[in-house]
Amino acid sequence: ATPVTVNAVDYAFNIITSAPAHQVSLTTNNPNATISAPVTLTGGTASFNATFYTYSPTTTTYYTVTANDDTDNTVAANTSSNIMVMAGAFTKLLMVMPRETYAPGTPTGKTGTATAPIINVAYTVNVYGVDQYWNRVSSSTNTVAISATGVTNFTPPAAAALSTTGPRAFNLVFKTLAETPNVTATNTTDGTKTAYTQLLPAVTVGPFVKLQILFPGETALPNTVSGKTGTPNSQNAGVPFNVTVNAVDANWNLITTVTDEVAITNALAADAATSVLPANANLVAGTGTFSVTLRRAATNHQLVASNVT
């Protein structure tokens, strides 16, 4: 705590020891600071303790303390000179996940709730070297390693040194749906610094962005370039066969919440007069089966699945 003295003064800042016993309080613009309770002037003086938990993140960030007369608001308040608050000793690591916001000096060092990782999409984690109140210690360049449990097919990013200018970013890629990663940042340079561990929400699919059409002989294979494997089977002219349409994310993962209406059309004008195409239908749990009959004997048939909704 920092001791703060408040004096009752005249216009020339001479202490008035005979000042009335007014109640005096302190306020500050330092977030999360604690200041002792209001006190009564005694002999023209009042003493307080102020504890600043939030550091000055830049060389031009300052805080002030203001003394107020709670008994007589006609008495002018007085604001201190600028105060720079320095971070304490480096004691631990902090990870800030997507949709969380770094908040030094708060009980947890951050606010917000981490978003769920999307399968096969980089999930950026920011790591800070901090003091006991989560203030960033810019002088540390210790090396940090990221690990995760509760996941399969996970390759940790390369270890890297803490940055002297901001957080160190690591991109994590989770490749299995529904797993709940338990991620840990560890200081590999100095084992006395406390590691940071956080359990993330379950890995999920991304937003619905496109449709996938599968012919007999093809199988969905999410998180690959084409999103499928296999080769379409040959079909007999005039004989109906089924195609499957899936609602998928950018990496071809099935989105089971989609119920949009889908239409099947020919990509080639030559097929328009000879094909028997299904009526439009809504997907169920993100997928639908459509019966198609192609009557033209050829090797270049193409079908298009379109979102009508």
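Since the model is a prediction, treat every value here as computed from it, not as a measurement.
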Once side chain to side chain contact (heavy atoms under 4.5 Å, CB included) is applied, do any residues pair with [X], and if so which ones, sequence neighbours excluded?
| X | result |
| --- | --- |
| A297 | none |
| A269 | none |
| A270 | R296 |

First locate atom [atom1] of [X], then atom [atom2] of [Y], and finally report the distance between them rounded to the nearest 0.5 Å.
| X | Y | atom1 | atom2 | value |
| --- | --- | --- | --- | --- |
| M84 | N82 | CE | CG | 9.0 Å |
| N187 | T192 | CG | OG1 | 7.5 Å |
| N251 | K210 | CG | NZ | 7.0 Å |
| T108 | W134 | OG1 | CH2 | 7.5 Å |
| T51 | N32 | OG1 | CG | 12.0 Å |
| N68 | Q23 | CG | CD | 10.5 Å |

Carefully, step by step, assess N135 and V130 under the rule side chain to side chain contact (heavy atoms under 4.5 Å, CB included). CA-CA 5 Å; N135 297 295; V130 296; 5.8 Å; no
Linking directly or through intermediates, with side-chain heavy atoms under 4.5 Å: list the remaining ILVMFWY members grouped with I118, chain and number order.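 Joined to I118, directly or through intermediates: V121.
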Quick one: hydrophobic cluster around V65, which other residues, with the 4.5 Å side-chain cut-off, linked directly or via members? V4, V6, V24, L26, I35, V39, L41, F48, F52, Y63, I83, V85
Report yes or no: does [X] contribute a side-chain atom to a donor-acceptor pair with the main-chain N or O of [Y] at less than 3.5 Å?
| X | Y | result |
| --- | --- | --- |
| T219 | T229 | no |
| T115 | R99 | no |
| N253 | P222 | no |
| N266 | L268 | no |
| T309 | E261 | yes |
| E179 | T152 | yes |
| T143 | T189 | no |
| N29 | T64 | yes |

Spell out, yes or no, whether [X] and [Y] are grouped together once hydrophobic residues are joined by side-chain heavy atoms under 4.5 Å, including indirect joins.
| X | Y | value |
| --- | --- | --- |
| Y53 | Y62 | no |
| V173 | I119 | no |
| V245 | F215 | yes |
| V248 | I264 | no |
| L214 | L283 | no |

Stepwise side chain to side chain contact (heavy atoms under 4.5 Å, CB included) test for M97 and L200: CA-CA 9 Å; M97 307 298 182; L200 299 179; 3.9 Å; yes
What pairs with [X] under ring pair (Phe, Tyr, Trp, His ring centres under 6.0 Å), at least two apart in sequence or on another chain?
| X | answer |
| --- | --- |
| F208 | none |
| Y55 | none |
| F154 | F174 |

Quick check: closest heavy atoms across A263 and N280, and the distance to 0.1 Å?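 Smallest interatomic distance, heavy atoms only, reads CB-OD1, 3.1 Å.
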Kindly give the heavy-atom pair with the smallest separation between L294 and S275, and that separation in Å. CD2-OG, 3.4 Å
Using the rule given for side-chain hydrogen bond (donor to acceptor under 3.5 Å, both in side chains), can you reason through T186 versus T184, listing the C-alpha separation, both sets of side-chain angles and the distance that settles it, and then say yes or no? CA-CA 6 Å; T186 304; T184 298; 5.7 Å; no
Does N142 form a side-chain hydrogen bond (donor to acceptor under 3.5 Å, both in side chains) with D190? I'd like the steps, not just the answer. CA-CA 7 Å; N142 286 181; D190 183 352; over 6 Å; no
Side-chain donor-acceptor pair under 3.5 Å between T79 and T66, yes or no?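 Short answer, yes.
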Contacts of [X] that satisfy salt bridge (charged side-chain N to carboxylate O under 4.0 Å, His left out) - sequence neighbours left out:
| X | value |
| --- | --- |
| E218 | K228 |
| D70 | none |
| K110 | E100 |

Using a 4.5 Å cut-off on heavy atoms from C-beta on, say whether the side chain of [Y] contacts that of [X].
| X | Y | result |
| --- | --- | --- |
| V183 | M95 | yes |
| T45 | N7 | yes |
| V205 | L254 | no |
| F241 | N233 | no |
| V127 | Y196 | no |
| L162 | L93 | yes |
| L277 | V292 | yes |
| R295 | V276 | yes |

May I have the step-by-step check of side chain to side chain contact (heavy atoms under 4.5 Å, CB included) for F290 and L303, ending in yes or no? CA-CA 11 Å; F290 297 83; L303 297 177; over 6 Å; no
What residue pairs, at least two apart or across chains, pass ring pair (Phe, Tyr, Trp, His ring centres under 6.0 Å) with a residue in residues 80-124? Y102-Y128
